[in-house]
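Okay, structure first, notes after.
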Amino acid sequence: MSAPRVRFAPSPTGELHIGGARTALFNYLFARGTGGVFVLRIDDTDLERSRDQYIDKLVASMKWLGLDWDEGPYSQSQRLEIYREEAEILISGKLAYHCFCTTEELESGREAAKKEGRTFLYPGTCRNLSPEKREKLLAEGQKPVVRLLTPDNGQTVVSDMVRGEVSFENSGLDDFIIMKSNGLPTYNFASIIDDLKMEITHVIRAEEHLSNTPRQQLCAMALGYKLPIFAHVPMILAPDRSKLSKRHGATSVEEFKDGGYLPEALINYIVLLGWSPGGEEEEIMSMDELAAKFSLDKVTKTAAIYDVTKLTWMNGNYIRDYPIDQLISEALPFYENIELVTRPLEDNEQAYLEKVVETVRERAKTLAELAQVSTYFYRDDYDYDQKGAAKHFQKEGVADLLRQAAGSLLKLSLFNAEAAEEKFNNLCEELDISKGRLIAPTRLALTGRMDGPGLFAIMEVLGREKTAARLFRAAEFIETEF
RNA sequence: GGCCCCUUCGUCUAAUCGGUUAGGACACCAGCCUUUCAAGCUGGCAACAGGGGUUCGAAUCCCCUAGGGGUCACCA
């Protein structure tokens with residue numbers, strides 16, 4: 001058997017959202033896992049709605065996610081001749097025909113049907129137009145559409161890897177349009193023609209296309225092609241079970257990127273929507289592991305509701321384990337955003353950022369949060385947490401205690417976390433107070449907060465001078481403003 | 001409305017061809033660890049949409065009902 005060929009064929013009418021990304025991912029994994037070829041195709045036959053800017057964004061999002069394709073991107077708008085040729089073959093074989101019915105005529109037919117409570121199906125008005133009549137209308141300059149001649153009875157059975165055999169009554173299918181009057185193919189026609197011409201072996205796409213598949217299959221059969229294997233994967237729904245849209249918050253890949261999510265985390269999260277490695281298998285998986293494990297027979301039939309909570313947990317996981325250099329380069333824009341750093345970074349700034357990131361990474365779930373919790377490493381203008389101050393700055397002799405701590409830290413010849421901690425331990429022993437008594441107000445003085453990384457790790461990053469200065473400043477604050 | 005698909009904890013899901021105390025993950029709660037917060041570890045809460053069949057035995061097979069989704073355009 002020759003290598004599988006799959007494709008991802010979005011239309012450039014909006015940003016890549018997680019549903020599309022998941023479909024692309026499944027195709028990608030299937031190709032990588034089977035030694036197949038992954039084709040990217042832009043289904044842009046709708047000139048009205050297609051925008052080049054979306055193609056750029058789509059390509060950028062795919063690359064960011066790590067979904068590299070082997071062929072393409074092909075654009076349907078550059079393949080128009082192919083669809084016209086195929087349509088001609090159908091027409092000359094009497095398997096398709098020109099239809100001159102106007103939009104108005106069809107519309108009134110639809111309304112009449114609606115009144116009677118039935119569905120409108122194109123009645124085949126132009127099926128048996130005489131050649132003379134047809135030539136006459138053409139000579140008058142009328143622009144016809146091309147309709148596929150479909151069987152009136154029997155059924156069309158779609159064989160689907162996810163759903164099994166799905167059968168459709170042909171009586172419910174009318175002679176649908178394959179070429180519009182402007183000479184452009186309709187989606188159903190262009191899509192299947194391309195799948196056929198590009199020798200796509202497996203059409204893996206969202207379930208919303210299942211109902212259209214019999215139409216596409218009919219086109220393929222009329223032209224005598226061998227059908228690809230279909231696999232309609234479940235859709236991804238918003239938390240309220242409706243189709244994903246803007247009002248559901250972030251749904252596009254770009255928005256997740258801007259929100260501080262890592263591509264590996266997004267990939268890992270969406271792959272679990274509609275597929276699972278099964279049983280009690282580990283859920284954190286790299287792209288390579290996914291490619292090795294992925295298979296279409298483990299794809300679920302049920303639509304999944306997307307919920308950002310688990311994605312966020314997973315992102316935190318990746319932030320913790322990411323290679324530091326990569327984490328920094330991904331995080332840098334977020335540090336810039338809240339004006340903690342300015343690019344390009346000097347070597348010492350880079351080194352400092354690395355230390356900062358190492359000490360805070362364990363408690364951030366997004367890159368935005370990572371930058372946020374790094375603030376006090378870059379700025380002195382923070383306020384003291386009110387509750388914390390009330391609790392720890394109010395105790396008797398705190399100001400002196402902080403000064404004393406600062407003084408002894410300044411005496412250290414080697415200033416690092418270990419040495420600072422030892423110093424604090426000694427000081428507490430000398431003064432006969434509990435460690436917490438000293439540590440709590442010190443933390444507040446150094447960061448303004450009551451949570452955060454280990455205190456001595458913070459000191460080491462801040463350095464001796466800054467640590468001492470902040471302790472003195474807090475002592476001053478307690479005596480004067482508090 | 002016609003047609004098509006789907007229905008297991010709040011969410012994502014597992015349960016080889018019918019036999020499980022219906023498993024895991026996130027979230028939540030509790031405990032442990034700890035200088036705080038996280039992380040980590042341990043434990044807990046929590047589901048087979050409903051109703052009929054078939055069967056010794058059904059989450060699993062069949063039918064009906066309900067609910068959700070998709071699709072029926074000269075959109076993709």
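Every heavy atom of this structure was used, including side-chain atoms; hydrogens, water molecules and symmetry mates were not. Below, read A as the first sequence line, B as the second, and so on, with proteins coming before strands; counting in each chain starts at 1.
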Open item on the list: One pair to check against side chain to side chain donor-acceptor pair (under 3.5 Å): A:Asn182 and A:Lys143. What are the steps and the verdict?
Closed with: CA-CA 8 Å; A:Asn182 62 5; A:Lys143 300 275 186 229; over 6 Å; no

Filtered N/O pairs between nucleotides 17-21 of chain B and protein, under 3.5 Å:
none

Open item on the list: Any salt bridge linking A:Arg163 with A:Glu207? Criterion: basic side-chain nitrogen under 4.0 Å from a carboxylate oxygen.
Closed with: yes

- [ ] Return the nearest nucleotide to the side chain of A:Trp313; candidates are B:C26, B:U36, B:G68.
- [x] B:C26

Determine all donor-acceptor pairs shorter than 3.5 Å in which one atom belongs to a side chain in residues 229-237 of chain A; sequence neighbours excluded.
{"residue": "A:His232", "atom": "ND1", "partner": "A:Asp160", "partner atom": "OD2", "Å": "2.6"}
{"residue": "A:His232", "atom": "NE2", "partner": "A:Arg205", "partner atom": "NH1", "Å": "3.2"}
{"residue": "A:His232", "atom": "NE2", "partner": "A:Thr213", "partner atom": "OG1", "Å": "3.2"}

N/O to N/O distances under 3.5 Å, protein versus nucleotides 73-76 of chain B:
{"residue": "B:C74", "atom": "O2", "partner": "A:Ser181", "partner atom": "N", "Å": "2.9"}
{"residue": "B:C74", "atom": "O2", "partner": "A:Ser181", "partner atom": "OG", "Å": "2.7"}
{"residue": "B:C74", "atom": "N3", "partner": "A:Ser181", "partner atom": "OG", "Å": "2.9"}
{"residue": "B:C75", "atom": "OP2", "partner": "A:Lys180", "partner atom": "NZ", "Å": "2.8"}
{"residue": "B:C75", "atom": "O2'", "partner": "A:Asp46", "partner atom": "OD2", "Å": "2.5"}
{"residue": "B:C75", "atom": "O2'", "partner": "A:Arg49", "partner atom": "NH2", "Å": "3.3"}
{"residue": "B:C75", "atom": "O2", "partner": "A:Arg49", "partner atom": "NH2", "Å": "3.0"}
{"residue": "B:A76", "atom": "OP1", "partner": "A:Thr45", "partner atom": "OG1", "Å": "2.8"}
{"residue": "B:A76", "atom": "OP1", "partner": "A:Lys180", "partner atom": "NZ", "Å": "3.0"}
{"residue": "B:A76", "atom": "OP2", "partner": "A:Tyr187", "partner atom": "N", "Å": "3.0"}
{"residue": "B:A76", "atom": "O3'", "partner": "A:Asp43", "partner atom": "O", "Å": "2.8"}
{"residue": "B:A76", "atom": "O2'", "partner": "A:Ser11", "partner atom": "OG", "Å": "2.8"}
{"residue": "B:A76", "atom": "N6", "partner": "A:Asn212", "partner atom": "ND2", "Å": "2.6"}
{"residue": "B:A76", "atom": "N1", "partner": "A:Asn212", "partner atom": "ND2", "Å": "3.4"}

Open item on the list: Expected output is a numbered-order residue list: members of residues 259-273 of chain A with a heavy atom under 4.0 Å from any atom of RNA chain B. What is it?
Closed with: A:Leu272, A:Leu273

Open item on the list: Between the side chains of A:Arg79 and A:Asp44, is the shortest nitrogen-to-carboxylate-oxygen separation below 4.0 Å, so that they form an ion pair?
Closed with: no

Task: Aromatic ring pairing A:Tyr378/A:Tyr335, orientation class (parallel under 30°, perpendicular over 60°, tilted between) - done: perpendicular

- [ ] Using the C1' atom as the reference point in each nucleotide, state the distance between B:G2 and B:G44 in Å, no decimals.
- [x] 50 Å

Open item on the list: With a 4.0 Å limit, can you tell me whether A:Lys365 has a side-chain N or O closer than that to the phosphate oxygens OP1/OP2 of B:A39?
Closed with: yes

Open item on the list: Between P on B:U13 and CG on A:Asp297, what's the gap in Å once rounded to a whole number?
Closed with: 16 Å

- [ ] Pick base, sugar-phosphate or nothing for A:Gly274, based on heavy-atom distances below 4.0 Å to the nucleic acid.
- [x] sugar-phosphate

Task: Lys/Arg-Asp/Glu bridge criterion (N-O < 4.0 Å) met for A:Lys57, A:Glu15 - done: yes

Open item on the list: Need one value for A:Phe456: base, sugar-phosphate or nothing, where a base atom within 4.0 Å counts as base even if backbone is also close, heavy atoms only.
Closed with: base

Expected rows: protein N/O vs nucleotides 44-47 of chain B N/O, under 3.5 Å:
none

- [ ] Output yes when A:Asp385 and A:Lys387 qualify as a salt bridge under the 4.0 Å nitrogen-oxygen rule, no when they do not.
- [x] no

Show the distances under 3.5 angstrom between N or O atoms of the protein and N or O atoms of nucleotides 3-7 of chain B.
{"residue": "B:C5", "atom": "O2'", "partner": "A:Arg163", "partner atom": "NH1", "Å": "2.5"}
{"residue": "B:C5", "atom": "O2'", "partner": "A:Glu207", "partner atom": "OE2", "Å": "3.0"}

- [ ] In whole angstrom, give me the gap between the P atoms of B:C3 and B:C63.
- [x] 16 Å

Open item on the list: Distance check, P atoms only: B:G31 and B:C6, in whole angstrom units.
Closed with: 46 Å

